[in-house]
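What follows is a set of notes on a single structure, which appears directly below.
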There are 2 protein chains.
Amino acid sequence: MPKPEVDPTVSLDLSVDRSSPVPLYFQLSQQLEAAIEHGALTPGSLLGNEIELAARLGLSRPTVRQAIQSLVDKGLLVRRRGVGTQVVHSQVKRPLELSSLYDDLEAAGQRPATKVLVNTVVPASAEVAAALGVAEGGDVHRVERLRLAHGEPMAYLSNHLPGGLLDLDTAQLEATGLYRLMRAAGITLHSARQSIGARAATAAEAERLTEDEGAPLLTMQRTTFDDTGRAVEFGDHIYRPSRYSFEFQLLVRP
Amino acid sequence: MPKPEVDPTVSLDLSVDRSSPVPLYFQLSQQLEAAIEHGALTPGSLLGNEIELAARLGLSRPTVRQAIQSLVDKGLLVRRRGVGTQVVHSQVKRPLELSSLYDDLEAAGQRPATKVLVNTVVPASAEVAAALGVAEGGDVHRVERLRLAHGEPMAYLSNHLPGGLLDLDTAQLEATGLYRLMRAAGITLHSARQSIGARAATAAEAERLTEDEGAPLLTMQRTTFDDTGRAVEFGDHIYRPSRYSFEFQLLVRP
DNA sequence: TCAATGTGTATGTCCGGACAATCGAACTAC
DNA sequence: GTAGTTCGATTGTCCGGACATACACATTGA
């Protein structure tokens, strides 16, 4: 065994502001996360025991535990009884999130643009009604958009939303993403059920995406739910696989 | 507003066994989850306030909160201040999990089979070394498998594992899935970073999967980490999209 | 009629303490 | 030397309480 596995306990300067409206455990977890991201806490290093940490910060142990637990849930820390809490060895990227294509592209400096092709209200088809949990034939919004990056077509986005949920302005849809509009309308996104597959492009799809007929396409169907569990969006999207792939992280729930 | 939104409070019989080694909060969360799954707690119904629930069970409020919180994390319950805790409206399927193709197929009654094509130890290529966090040129296991369902090829699975982590027996690999073997060896899987894309089949890939050259394929690359954050597996898989698609649920972290 | 205000209720946050379970290492006995 | 034991350290679980905060609803006022 050539590896001694030292993993020394690291001490760093933490502090909380009791006059802030931000919860104490959240302040602490943010500082710890920043320290990990920043490299002050290196992978494998021990965090020091909770009791001493609580005493050093003038906090109670439950508060410190709550902060640590949130980072464990994110996959940044590992706790082991009798050992301590240590930073995971791997360079974890972003944890899984309900990704917004627009925001993803913007964050990557891809200068996204959107061309709204359809923006109307239609009666719900059987498939859409089932996905959204509304009556078949009832009014639903239908939006079809072409998403471009650097002026090149990247994805064709077809979405259906329950009627009366949201005012969908074409100009706004071209200026930002659908999720951002929904959030701005007071809808709290909560979870989504996704299905990702692949198939060959039809002639119509190929033309829209400037691909050849039969070219491989990446497909994604998604139903998004708000915090009350109601379906708020059903999307059927196709992507050019040369321009886009899905990247995400999964956590195991033991 | 035609919807009255009644959502009556539901009361059901819960009980905990204090002599059991199973934690009290876990007993409670399991019973609540079972009640939701079973239909005793219908979507939208209120759970009754925590204080009264704790008193009814002879538990403290923190314990009850811990049980409820775990179900909120799973996306089964929603809490709102001043309102209460209610069951989400949607019919949530399984929450996201580190899916095992073998187990998925078996659960779906697809009678999976595996044909091991390669099972050796090789020096790590640059790509594999980077993904697994080992030295380039160091020993790594290399496994290539063809996964069949109903006798039809479904996926071609190429995996690399750090050397010395596990004994990989070909017979065992053909009898079960890789993840199950790793778990049986005492490895606790924790998280995985995935990338899903699509591309056209090469001639060699097409032959292995009985597809045509140029046919669309679904691709997945995955690095899996154990509970200490060490990479324990790197996979590069291709699937026949007519036979398989990825289904999973994402939760939003606010 | 409609808006502003109050009030009750439920969850959110935080505290201090107690004991149990588990891990690792030092120690002991053979 | 090796196997088993003990022991300290650390997290896991649970308790009872206190105050803060946000939401829904009723009341009040213009």
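Proteins get letters first, then strands, A, B, ... in listed order; numbering begins at 1 in each. Values in this document were obtained by computation on a predicted structure and should not be read as measured data.
- One N or O on the side chain of N119(A) and one on the backbone of L168(A) form a donor-acceptor pair closer than 3.5 Å.
- Nearest-nucleotide positions on DNA chain D place R81(A) closer to the 5' end than the other of R81(A) and S60(B).
- An OP1 or OP2 oxygen of dC14(C) is reached within less than 4.0 angstrom by no side-chain nitrogen or oxygen of Y25(A).
- Both R80(A) and R18(A) sit near DNA chain C, but only R18(A) has its closest nucleotide nearer the 5' end.
- Of the side-chain N and O atoms in R61(B), none sit less than 4.0 angstrom from OP1 or OP2 of dG16(D).
- Side-chain N/O atoms of T85(A) include one lying less than 4.0 angstrom from OP1 or OP2 on dT11(D).
- Separating the CG atom of L24(A) from the C1' atom of dG12(C) is a distance of 12 Å, rounded to the nearest angstrom.
- In this structure, CG of L53(B) is placed 9 Å from P of dT11(C), rounded to the nearest angstrom.
- One interatomic measurement links the two molecules: CG of L59(B) to P of dG17(D), which rounds to 15 Å at whole-angstrom precision.
- Following rounding to the nearest Å, D17(A) (CG) and dT13(C) (C1') show an atom-to-atom distance of 16 Å.
- In this structure, I36(A) CD1 and L71(A) CG are separated by 5.5 Å, a value rounded to the nearest 0.5 Å.
- Between dT13(C) and T63(A), no contact under 4.0 Å exists linking OP1 or OP2 to a side-chain N or O.
- One can place CG of L46(A) at 16 Å from P of dC23(C), the figure rounded to the nearest angstrom.
- One interatomic measurement links the two molecules: CD of Q69(B) to P of dC14(D), which rounds to 16 Å at whole-angstrom precision.
- Listed nucleotides dA10(C), dT13(C), dC15(C) differ in distance to Q66(A); the shortest reach to its side chain belongs to dT13(C).
- Atoms CD1 (I51(A)) and C1' (dG12(D)) sit 11 Å apart, rounded to a whole Å.
- Atom CZ in F26(B) sits roughly 17 Å away from atom P in dA21(C) (whole-Å rounding).
- Salt bridge status for E174(A) with R145(A): absent, with no side-chain N to carboxylate O gap under 4.0 Å.
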Report task. Show the numbers, then the answer: is there a side chain to side chain donor-acceptor pair (under 3.5 Å) between N159(B) and E233(B)? Result -> CA-CA 7 Å; N159(B) 290 89; E233(B) 179 247 347; 2.4 Å; yes

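- Within the 4.0 angstrom heavy-atom criterion, only backbone atoms of the sugar-phosphate kind lie near P23(A); the bases stay farther away.
- Across the interface with DNA chain D, nearest-nucleotide mapping of E50(A) and V83(B) shows E50(A) to be the residue nearer the 5′ end.
- Between F234(A) and E127(A), the closest side-chain pair of non-hydrogen atoms falls below 4.5 Å.
- Within the 4.0 angstrom heavy-atom criterion, base atoms lie near R65(B).
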